[in-house]
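The sequence lines fix the lettering, A, B, ..., with proteins before strands; numbering per chain opens at 1.
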Amino acid sequence: MNAYALLGIKLIGVSFGSMAVGLLFMGLGRKVTARIQRRMGPPFYQSFIDVIKCFTKTSITHNFVMDLGIIMALGGLIATAFFIPFANFSILGSSSVVIVLYLMSIGYLGMAMGVSASGNPNATIGISRALALMMGYEIPFVMVIMAMLITYNSSDLLTYAVAQSNGIGSWHIWKYPLGFIAVEIAFQAMVGEAPYDHMIAPAEIASGPMVELSGKYLGIGFLLHAVQLYVETGLIVNLFLGGASSWYVMLVKMFAVYFTTLSINAVMARYRIEQGIRHLWIWAGSFGLLQLIYTRIWG
Amino acid sequence: MEMDNLYLANLREEKQNMWGGLVNYFRKRSMWMLYYCTGCGAIELPPTMTSRYDMERLGMGPMATPRQADLLLITGYLSVKTLKRVIWSYEQMQEPKYVVGFGSCPINGGIYWDAYPVINHLEAFIPVDMSIAGCMPRPQAIIDAFEKLMGEIQEGKAIGYKRYEKHYDWYKKNQDAVLGRTEAVLKPWNDPFASNPSVDELMALEKGESNV
Amino acid sequence: MSDNILARAGKMHGDKIECREKYKAQLEIKTHRDYVLNLLTWLKSERYVHLSFMSCIDWIEENEFELVWHVFSYESKNHILVKTRLNREKPWMHTAINIWPHVQPYEQEIHEMFGVYFPGNPDLSGLFLHNWLDLPPLRKDFIAKDYSLALYTTDALGLTPPFDDIDIVEITAEESRDGE
């Protein structure tokens, strides 16, 4: 088997694998939320059923740009997933965290392009909220990344993972505690859970960007969220929680990150958009900045 | 006649398609609903959704827009003005789509059967797949109806959307009879002030009448 | 009446009005159609600044409509009903829009539901009813039951579906399954 075929198989595997992991997390997440609310909740495979059902429905497209935007968003996020080391497995050998941050925004921009083309004002409001919030959480996130860049003089996620491989005491969560808090707050906003769920506010702007998505488009929307969960939890595990040596440890760590987010989501109400951005800048931003200053002077 | 029978045609179609039964399983296990809170039935949905009866274990959940939803719940009486919006919402939904009428009002008008703005038979305007009797139905009855609807979806019986497509003329005729009237039903009203007279004109008119 | 409004009204308006204290804090003033605006203006200057509601009653046996303005004072906490009678054949009333601008939708609704005409009200188009061509529905000579029977029933709609009943379909389906 030649190298290209092998690479192709790996790429396809990561694409579908990231979707499956994300959907599994979404289903487990719904179960967790239900148990917090003292309900039975749906079965853990409910998200798979939802997505498959979405693909069996008829759907409406408004124009070519809408199709292109949605596909571009999914493509951008899957391309990001290629750069996330999953346990020991990494397709491309080295994966720079700067590229990950760069590619992740393609997903959002594609989504913005696609849903704005649908012409629904609620979708435009939703996506403008998402982009405004992006400004709020990316600055603290980048400050923490810069602290790591200063320490290691490298942007490779695998380098970070190897540096944390000597047991639980070597995890970055102890080395960059303020940075971890900043990234956790930013992560809450990244996945759009309360109190930063401005983008999808069902009672307020009728689910925001998803308002005009029907059938297959909605299915792709769900897959987008699934891949996004995979990418962002994977990124945090590799940055702070010591990576993993086997796939199940990796999955458990990733779900632990998501579980924290869900627990906060279940008990929080929604900020207003300007409160949300101010909160992110003041709290996540100051923790990130302190971490950066500390690392630069004493690190 | 048998060719006209939509249910048989649907069964035949599903038999030919190897994924037919499997697709029905996914459709029945993941019904997203759009609840149209027209009347008192909306108050029975929160207990059905929350911890006591928890409809999410059946894979059902509320959705924000008609585009995303599979199931349209008409929760109570429908006035003529609301009927127009219900038809718009129903036609925006993507196939396959199902309609459930709550309580006696969508069935035959309920206690509003002799009221001038409330329609009596919802199934004349959009196809109803399931009706729940009661005023209002309790959450147990609602869950029961959803389970029956899931059974009908699995058997390929819930084909209201196909009926709407095929017999659109008939539905459209009924919709127009109520919404697009051009003449009065009982007796037309002759507005004595149709010409929008001013106060002075009206005063002059009254003085003239009293003089006569 | 804490602010003695009954006596002052009698002194001010004399035989133009007919006052009656209905309850401890509720006063009824009846007057002629053309005097209502004067009375409402005077009441507003007497700190009765809040018009809570305006309604209409159909006295079909006396062939009259009765209009009622509910006026309230935040200081004396009194509630005054200003009432007037209109001829039922040609009911019209001066608009109070220059005294209280928010009376506009009340007058619009009364025009729609009873057919009372308010010259000077800028918008008397339909507010609630859809495509209405019959008598105004809250008049007593409009029979809502007849209307409902004539428009919404199975007979009126010709409610015989052109498609099969689902029970019949079920039997046929069973037969066809056996046949195969």
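Here CD1 of A:Ile52 is found 8.0 Å from CG of B:Leu22. Values are rounded to the nearest 0.5 Å. Within the model, atoms SG of A:Cys54 and CZ of B:Phe26 stand 12.0 Å from one another, a figure rounded to the nearest 0.5 Å. Rounding to the nearest 0.5 Å places CD of B:Gln92 at 10.0 Å from OG of A:Ser214.
Under the 3.5 Å distance criterion, with hydrogens and angles disregarded, no donor-acceptor pair is assigned to the side chains of A:Thr58 and B:Glu95.
Ranked by heavy-atom pairs under 4.5 Å with chain B, the first of A:Glu212, A:Arg30, A:Lys31 is A:Glu212. Per-residue heavy-atom pair counts under 4.5 Å with chain A were compared for B:Met63, B:Met55, B:Arg27, and the maximum is reached by B:Arg27. When each of A:Met40, A:Gln37, A:Lys57 is checked for heavy-atom pairs under 4.5 Å with chain B, A:Lys57 comes out on top.
For the pair B:Arg57 and A:Pro42, the minimum side-chain heavy-atom distance is 4.5 Å or more.
The contact between A:Leu218 and chain B is made entirely by side chain atoms (from C-beta outward), counting heavy-atom distances below 4.5 Å.
In A:Ile36, the CD1 atom is crowded: over 12 heavy atoms of neighbouring residues, nucleotides or ligands sit closer than 6.0 Å.
Of all non-hydrogen atoms in A:Leu213 and B:Gln68, the two that sit nearest each other are O-CG, 3.5 Å. Looking at every heavy atom in both residues, B:Met49 comes nearest to A:Arg39 through O-CD, 3.8 Å. Across all their heavy atoms, B:Arg29 and A:Gln46 have their closest contact at O-NE2, 3.2 Å. Nearest approach of A:Ile49 to B:Tyr25, heavy atoms of both residues: CD1-OH, 4.3 Å.
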Given side-chain contact (heavy atoms from CB on, under 4.5 Å), test B:Asp70 with A:Lys53 step by step and report yes or no. CA-CA 10 Å; B:Asp70 309 301; A:Lys53 181 216 67 178; 2.6 Å; yes
Full working for side-chain contact (heavy atoms from CB on, under 4.5 Å) between B:Arg67 and A:Tyr217: CA-CA 10 Å; B:Arg67 296 259 189 242; A:Tyr217 295 87; over 6 Å; no
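No donor-acceptor pair closer than 3.5 Å links the side chain of A:Asp50 to the backbone N or O of B:Ser30. Although no hydrogens or angles enter the test, the distance criterion places a donor-acceptor pair under 3.5 Å between the side chain of B:Thr65 and the main chain of A:Val211.
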